[in-house]
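Structure record follows, encoded as structure tokens.
Below, read A as the first sequence line, B as the second, and so on, with proteins coming before strands; counting in each chain starts at 1.
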2 protein chains.
Amino acid sequence: MQHRKLPWSLPLGRWLKEYSADTFVRDCVAGVVVSIVMVPQCMGYALLAGMPAVYGLYCAIIPAFLYALLGSSRSLSVGPAALISIMLASSIAVLDPQSETQYIHYAVNISLLAGLFLLAMSVLRLGNLTNYISVPVISGFTSAAALTIMASQLKHMMGVDIEQGLDFGHTLLVLFQSVGQVNMTTALIGVLACVGLWFFKSPFPVFIRRLKLPSWLEQALSKSGPMVVVLVSAVLVATLHLSTKAGVSVVGDIPAGLPSLSGVSVDLVLWKQLAMPSFLIALMCFITSIAVSSSLASKRRERVDSNQELLALGAANLGAAFSGTFALAGSLSRSAVNDAAGAETPIASVISAVCIVMTLLFLSSAFHFLPLAVLGAIVIMSVFSMIDVRQFVRCWRLNRADAYSLLATFFAVLIFDIEIGIGVGIVLSVVLLLHRASHPHMAVVGRVGDSAHFRNVERHDVVTANSVVAIRVDESIYFSNVQFVEDFILEQCASHPSARHIVLIFSSVSFVDTTAVDALQRLIEKLRDNDITLHLAEVKGPVMDQLQKSTFLSLLEPGQVFFTTDEAMRTLTASRQKAPPRKT
Amino acid sequence: MQHRKLPWSLPLGRWLKEYSADTFVRDCVAGVVVSIVMVPQCMGYALLAGMPAVYGLYCAIIPAFLYALLGSSRSLSVGPAALISIMLASSIAVLDPQSETQYIHYAVNISLLAGLFLLAMSVLRLGNLTNYISVPVISGFTSAAALTIMASQLKHMMGVDIEQGLDFGHTLLVLFQSVGQVNMTTALIGVLACVGLWFFKSPFPVFIRRLKLPSWLEQALSKSGPMVVVLVSAVLVATLHLSTKAGVSVVGDIPAGLPSLSGVSVDLVLWKQLAMPSFLIALMCFITSIAVSSSLASKRRERVDSNQELLALGAANLGAAFSGTFALAGSLSRSAVNDAAGAETPIASVISAVCIVMTLLFLSSAFHFLPLAVLGAIVIMSVFSMIDVRQFVRCWRLNRADAYSLLATFFAVLIFDIEIGIGVGIVLSVVLLLHRASHPHMAVVGRVGDSAHFRNVERHDVVTANSVVAIRVDESIYFSNVQFVEDFILEQCASHPSARHIVLIFSSVSFVDTTAVDALQRLIEKLRDNDITLHLAEVKGPVMDQLQKSTFLSLLEPGQVFFTTDEAMRTLTASRQKAPPRKT
């Protein structure tokens, strides 16, 4: 199993030395297949981000090269991503841009800041920051974002031209009010596109598989649905003149050629406004990308270095900013296609980028008559699988607190907006964590039969002594949980009025901090005032070292530190007869 | 041991029924002794808060009655407190009040909001909120605040009239620049007051004890230092006309009589500005008061109910606001005097309040010529013991992380200000907690001799098997630490290339969440790809229940769940010979 913690590196060194003509052929096939999926999806996600469709294609060129150079995943396909696009649209809507130029200006600056945040996180080695956000919170967020995305695309499907925010309820309301203005031709195209996409996604691959075609051709054909729908609809609209005669909104003129590299001017006032949304976009970019790349890597028995990924994603987003386009991330659906189509190395992504360049140079006029309804349909069908009801059911059965935090995040996104939603999710995660950290598991234990084993009295049929209460602390003791530990012990004293000795079993305590030692020292005195002696058992080496450095052990006397619980119980129950009765 | 969790109550019911004439006499003595300490201290802390001296006395009347009625501590003495006063002064300084009336208006509103925050925390049962702030952070804050307080009083001691913020470095700089304007008479009075206070604090009580006076007289005499210094200095200044002839600043006219109860007008704009500082003052009021009252209560084998305390402190601060004065808290020094002087019940505090009323009615003219330098000296000598170097030394020896957070809070207070300092401390506490919660203790274990006991290979001389690695997880597994757990296991696989089985010992795992189950399921597959089988041992009942609700156990196969580690090791090492060799 490969496991190295390198500093940043050019990961291509790892695969370049064993690169062969054979590998190149497989990469080429995968690259072409991915680009067939990518072209329509990029344009759809650009629409979702509120940007002109062609900017989605720009996202897939320079950033893809940069990721291929720096990224540690071999098959991650970076480019426009649904979650990032909707967050971008939501952040820019708040700023109320007055023109398309200003809108693009905001988008470019968000990409820039998100890229800088990712690089900063890489420099600060914050690759494990995502550990502090739980999977249920991300799941709740993703499902609600998918619904919001779908709602936002309905206006394109209905052919109504309305100004809408990205708040789910309000969007539905506005759409409902504008039902009278639906362009029937557009709606029909949209519905047909959905049916077509569904056909290519479900029954068609089954059919194709029966033909026993070569694997690369089977892959290419079964993923060609969106491209076919795009081309057929564009041809239909063009030949039937639907955009002029029936008012079907189309993509319109696409500037042929490549995006021009441009500088981004420093605008501190704007950056201050954009800092928070950019940070959240950077975080979400990282969370979603690392999830995809690590699941792909584990299939190949590789490891993704999270700090290297931060670097590569940061560079890719800066690449997007300098190409004048919007923020991006690793895409689950395209990466899965890339992997299934046999991509061996990042060269596959480079081939995809070359295909996109070709499309821009030679095919851009073909997309002029592409109806927006079709792009909307592509987005809706792409994000459908992001709605994850099964995860909720699992959480509900496995751990109720997880289910509640999933629901809270889900409804926060739907009721407020995307950013408040993810904020609620993060705060919830931290609060849950704090709560758990302050409620360690503790148990009163008793002897199992005549053995030297001790188990929780609530779960096992065990023997206990009247005068000695043995309490196992199942976690390290530190400032946030020591109060809980103390309360538990005092409660046990209250419910065992004949107790003369308390034995704290430290088998799971691997650490005590200063606050804990202070509190335990006070506890010794409180117990002594009630004629109860505190003892310890099974204290680990490092904890004993810590206690020896304080006055704890001298305060503990006549309490003792026993090697095992068994020893403690034998010694203390034997001495019971000699001790004077406890005062009441 | 008394231990009840009552809802809010009038705790006086507990002691009123056993109240006797004898108790009353003891309470009276304690009350009078405390009031001797209290009068000078209240005026000093008022000065520290930037308020006219008499407002400190107002703090000690109605709030004291309210606390006596509602508080669960029998001997806590509430009233002006050094930390609260300096925080108040620091918060108001930021707002740049234009007149004394406005200054008092701000102070009253902060008391009001702090009172409301405390009541809200009581209603929300947030009595254990303070668990999330570690003792070292509070210690660092207190020591730095003490230094800031002492620096702020130097101007009174030097007799220079300067405008100063409450930032430590800047204060010292300004004082240094104004050394030329020092009023020598004032400085002399200040130094003499310090010497006098020191004399009454250290050598005098030893001398008194030798006289074998009745205990109450001994107590009263040994605590009379500040009062004697106050009266002697006032008489000296008055008879020598030092305030007019030598320019010694004095307290000046004190309005005779009691504070008038007044309403507080609702001013939402101001409240918004004051919300954060008021919240921090409420928090600090609670933290310091609960620390004092619970240490006093544990001496008496009583328990302080933290939510009841929040209620009582909230009511006391509201009482201060409606008396037109400033925020207060339980005072460590006065409560200790109260306890030592024999206070049995809150009646002692009521007696003190009555003494303060008497002072206001009949003695206020006596304080006219009291030099501010003497009040400054009283404050400086009172807070001297708040500088706690020993705690730092303890932390340094016991737990380095605690020592660093103490230092960080200490310097944040000195370099920035009181509020940023406490903010830094709280954030540090939470970050430390998150960090600890994501770094559980884990150990590879081996068999101790021929026994059924297994211990950490790094600490004990134990026997391990080549093909089986047993790993003990010493904490519950949930979203913030599962990545760490996974990384640890994968590292062990990498460093044990001949391992075929991994046994995870769950003896300390009392909880797994959905994120953890997901990650462990992925781990099973990752290990399987490397021809390693995962097994569990010593799984607790509730964890087993959780795993049974998921697909974990079916994914685990052929891995098994063993009852004991011993059983796991015997079974797996026995089967070693039969299994095919591991692929590399």
Side-chain angles (χ1 to χ4, degrees), chain A residues 1-3 128 130-136 295 298-299 301 303 391 394-395 397-399 401-403 429-430 433-434 436-438 441 456 459 474-476 478-484 490-491 493-494 507-508 510-515 517-519 522 525-526 529-530 540-541 546 549-550, chain B residues 1-3 128 130-136 295 298-299 301 303 391 394-395 397-399 401-403 429-430 433-434 436-438 441 456 459 474-476 478-484 490-491 493-494 507-508 510-515 517-519 522 525-526 529-530 540-541 546 549-550:
Chain A
M1 180 161 296
Q2 208 177 11
H3 176 65
N128 58 1
T130 52
N131 293 356
Y132 298 115
I133 306 180
S134 73
V135 169
S295 83
S298 90
K299 271 199 198 171
R301 305 189 194 177
R303 243 180 116 75
Q391 177 73 336
R394 283 192 65 217
C395 289
R397 294 180 60 193
L398 234 149
N399 177 20
D402 277 345
S429 294
V430 170
L433 219 162
L434 292 179
R436 271 174 207 160
S438 62
H441 186 257
N456 190 345
R459 299 195 183 280
D474 280 351
E475 212 158 302
S476 290
Y478 47 93
F479 67 94
S480 69
N481 66 18
V482 68
Q483 184 66 47
F484 183 92
L490 293 177
E491 271 164 37
C493 292
S507 53
S508 298
S510 42
F511 171 86
V512 288
D513 77 351
T514 318
T515 311
V517 173
D518 282 353
R522 285 197 307 273
E525 282 164 18
K526 283 184 198 175
D529 287 340
N530 290 275
K540 292 183 187 174
Q546 282 183 294
K549 283 183 202 148
S550 72
Chain B
M1 181 161 296
Q2 207 177 11
H3 176 65
N128 58 0
T130 52
N131 292 356
Y132 298 114
I133 305 179
S134 72
V135 168
S295 83
S298 88
K299 271 198 196 170
R301 303 189 196 178
R303 242 180 117 76
Q391 178 73 335
R394 282 192 65 217
C395 288
R397 294 181 59 193
L398 235 150
N399 177 20
D402 277 345
S429 294
V430 170
L433 219 163
L434 292 178
R436 271 173 208 162
S438 63
H441 186 256
N456 191 344
R459 299 195 184 280
D474 281 351
E475 211 157 302
S476 292
Y478 48 93
F479 68 92
S480 69
N481 66 18
V482 68
Q483 183 67 46
F484 183 92
L490 293 178
E491 270 165 38
C493 291
S507 51
S508 299
S510 41
F511 172 85
V512 287
D513 77 351
T514 318
T515 310
V517 173
D518 282 352
R522 285 198 306 274
E525 282 165 18
K526 282 184 199 174
D529 286 340
N530 290 274
K540 293 182 186 174
Q546 282 184 293
K549 283 183 202 148
S550 72

Closest-packed option against chain B by number of heavy-atom pairs under 4.5 Å, given V482(A), D474(A), D513(A):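 Among V482(A), D474(A), D513(A), the one with the most close pairs to chain B is D513(A).
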Max heavy-atom pair count under 4.5 Å with chain B, selected residue of P136(A), S507(A), S480(A), S508(A):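 Between P136(A), S507(A), S480(A), S508(A), the count favours S480(A).
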For V517(A), side chain to side chain contact (heavy atoms under 4.5 Å, CB included) partners two or more places apart: V512(A), Q521(A), L547(A), S550(A), F552(A), R394(B), L398(B)
side-chain hydrogen bond (donor to acceptor under 3.5 Å, both in side chains) involving S510(B) - partner list, sequence neighbours excluded: S476(B)
Test item: D402(A) side-chain N/O and C395(A) main-chain N/O as donor-acceptor pair under 3.5 Å: no
Intermediate values then yes/no, side-chain contact (heavy atoms from CB on, under 4.5 Å), K540(B) and N456(A): CA-CA 10 Å; K540(B) 293 182 186 174; N456(A) 190 345; over 6 Å; no
Proximal component of E525(A), with respect to chain B [non-hydrogen, under 4.5 Å]: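 For E525(A), no heavy atom lies under 4.5 Å from chain B.
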